[in-house]
Student: 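What follows is a structure written as structure tokens; I'll ask about it next.
Every chain is numbered from 1, with letters handed out A, B, ... down the list of sequences. None of these values were measured; they are calculated from a predicted model.
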There are 2 protein chains.
Amino acid sequence: MHPRTSFTAVTSPKRAGRPRSAAADRAILDATRAALAEVGWGGLTLGDVAARAGVAKTTLYRRWAGKNELVVDALAALFEEQLDLPDLGGLEADIQGVVLRFAELIERPETRTALMAVVAEAAQDDALRLRIREAIVDRQKHLVLLGRRRAQQRGELPPDKAEDPARDDLIFDVIAGAVVHRVMVSSGPVDREWALRLARLLVDGLGALHLPPP
Amino acid sequence: MHPRTSFTAVTSPKRAGRPRSAAADRAILDATRAALAEVGWGGLTLGDVAARAGVAKTTLYRRWAGKNELVVDALAALFEEQLDLPDLGGLEADIQGVVLRFAELIERPETRTALMAVVAEAAQDDALRLRIREAIVDRQKHLVLLGRRRAQQRGELPPDKAEDPARDDLIFDVIAGAVVHRVMVSSGPVDREWALRLARLLVDGLGALHLPPP
DNA sequence: CCAGTTACGCTACGAGTCGTAGCGGAATCG
DNA sequence: CGATTCCGCTACGACTCGTAGCGTAACTGG
């Protein structure tokens, strides 16, 4: 296997020789996010990142295979924090909460300029696509399962007849896709009112959108 | 104003001198799509496009400011074809139909590799973002309005109390976002079953997903 | 303390792309 | 015909890429 770790400093058990600097890892990923926020994906050069991080350009290439992998790891750090789903007392409120929380991550400048870019690159790179799923997407997915079970315990949704993973996948695509499209394409804010309307649509269907927004 | 037209050969009224070759325009845009499908956004070079199209590289720069603008125009041609919404007899079927139709455009190789890339670039380029909306996104949006009015005439949705453009914007973000997320991130197929489940979810809410898929 | 091993910073390099300039010739208008 | 605009071609400096080579730093096991 290649010496490239490519995933943030997985300090393997115990090896001989000088260990990799964890500080350099953090500095590089921080510099990557900062550069993305300033110059965007297209303007990002690895030489610039190295200069900002205070490391040699060769150090970058020793750890990451290229721009794609580096940026995925830099973004992954943003999504790494544990994602909780506070119980807000009802399905609608729970959905609204998770939408607002997810939007906070998407609306950051680094995310806006880079997330779609790596997704586009992943269309022709299976390994990259897998990595994005592991490091970013799947971190959010369990929230759907959690929220649905909670709603079933409350009696807001009927109990399962059979396990149906495709159903949760659909719900996730709808929620995540709607937020991403709202932010990236429509360039509109994801505020409490928008999140509430989305939650109502999901819970009660299109008919619910004809009620006045409180 | 700059001599760059940047939008497909808007042959202005009547000017002196040699006119721009419309054939060159078509050849360039075709070559751009072919190259995108082969090498993706990251591997696309304007020199390669020029060679494929059989034109000089300088001709490209005389018409488009750069990679972003060229690709947007190349993609726009795919979305330019007529957008009808055949009446399938019910709201659910209509939604299913438009989802399948939209997915056909998104699932093409050129679209998969390039659409998200230009959206990412547009995060830092207001003009580009506006252009994407005009040439690609808004072409689809009126289908939402059309489908909703049809459903209201059928009595499937309550009539409007007041005009509410934000409501149609939301519906559009949900449908388009879900399809894009399904294709680009989850890498799953948008087949008739998936489209039907999405339509059910939108019409009747989350509870409808617990019925068996016919 | 001393080899062995691995990581780091630095410099240099060929290869490739970018975007532009300058030229001669081709097409169209008045 | 003259003016105007476009096209193809060549050439160019500037930049980024990704790698190689070297001396040095840090850490491990004997």
Student: Is any side-chain heavy atom of B/Val118 less than 4.5 Å from a side-chain heavy atom of B/Trp41?
Tutor: yes
Student: Output the rounded distance in Å from CG (A/Leu60) to C1' (C/dA7).
Tutor: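 Value for this atom pair: 14 Å.
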Student: Classify the side chain of A/Arg62 and the base of C/dA7 as holding, or not holding, a donor-acceptor pair under 3.5 Å.
Tutor: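 Between C/dA7 and A/Arg62, which were checked side chain against base, a qualifying N/O pair under 3.5 Å is absent.
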Student: From the set D/dG18, D/dC6, C/dA21, return the single nucleotide nearest to any side-chain atom of B/Thr58.
Tutor: C/dA21
Student: Given atom CH2 of A/Trp64 and atom C1' of D/dC17, what is their separation to the nearest angstrom?
Tutor: 18 Å
Student: Looking only at side-chain atoms of A/Ala56, point me to the closest of D/dG8, D/dG18, C/dC10.
Tutor: C/dC10
Student: Contact between B/Leu29 and B/Leu70 at the side-chain level, heavy atoms closer than 4.5 Å - yes or no?
Tutor: yes
Student: Between A/Ile136 and A/Ala76, which heavy-atom pair has the shortest distance, and what is it?
Tutor: CG1-CA, 4.2 Å
Student: Side chains of B/Arg129 and A/Val185, heavy atoms from C-beta outward: is any pair under 4.5 Å?
Tutor: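 Of all side-chain heavy-atom pairs linking A/Val185 with B/Arg129, none is under 4.5 Å.
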Student: Tell me whether the OP1 or OP2 atom of C/dA7 has a side-chain N or O from A/Arg15 closer than 4.0 Å.
Tutor: yes
Student: Of the residues in residues 38-52 of chain A, which ones touch DNA chain D at a heavy-atom distance under 4.0 Å?
Tutor: A/Thr45, A/Leu46, A/Gly47
Student: Closer than 4.0 Å, any side-chain N/O of A/Arg20 to the OP1 or OP2 of C/dA7?
Tutor: yes
Student: Could you tell me whether the side chain of B/Pro189 reaches within less than 4.5 Å of the side chain of B/Arg182, counting heavy atoms only?
Tutor: yes
Student: What is the distance, to the nearest angstrom, from the CG atom on A/Asp25 to the P atom on C/dA7?
Tutor: 12 Å
Student: When you compare the side chain of A/Leu198 with that of A/Trp194, does any pair of heavy atoms fall below 4.5 Å?
Tutor: yes
Student: For A/Leu70 and D/dC17, give me the distance from atom CG to atom P, rounded to whole Å.
Tutor: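 Distance, rounded to whole Å: 11 Å.
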Student: Taking only residues two or more places apart in sequence, or in another chain, which ones meet A/Asp169 in a salt bridge (Lys or Arg N to Asp or Glu O under 4.0 Å)?
Tutor: A/Lys141
Student: Starting at atom CG of B/Asn68, determine the distance to atom P of C/dC18, rounded to an integer number of angstrom.
Tutor: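 Rounded to whole Å, this separation is 12 Å.
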Student: In terms of the nearest nucleotide of DNA chain C, which residue is placed more toward the 5' end: B/Gly66 or B/Arg18?
Tutor: B/Gly66
Student: Kindly indicate whether the side chain of B/Lys57 and the base of D/dG8 share any N or O donor-acceptor pair separated by less than 3.5 Å?
Tutor: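 Between D/dG8 and B/Lys57, which were checked side chain against base, a qualifying N/O pair under 3.5 Å is absent.
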Student: Whole angstrom is fine here: how far is it from NZ in B/Lys67 over to P in C/dG16?
Tutor: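 Taking atom P of C/dG16 as the reference, NZ of B/Lys67 is at 17 Å.
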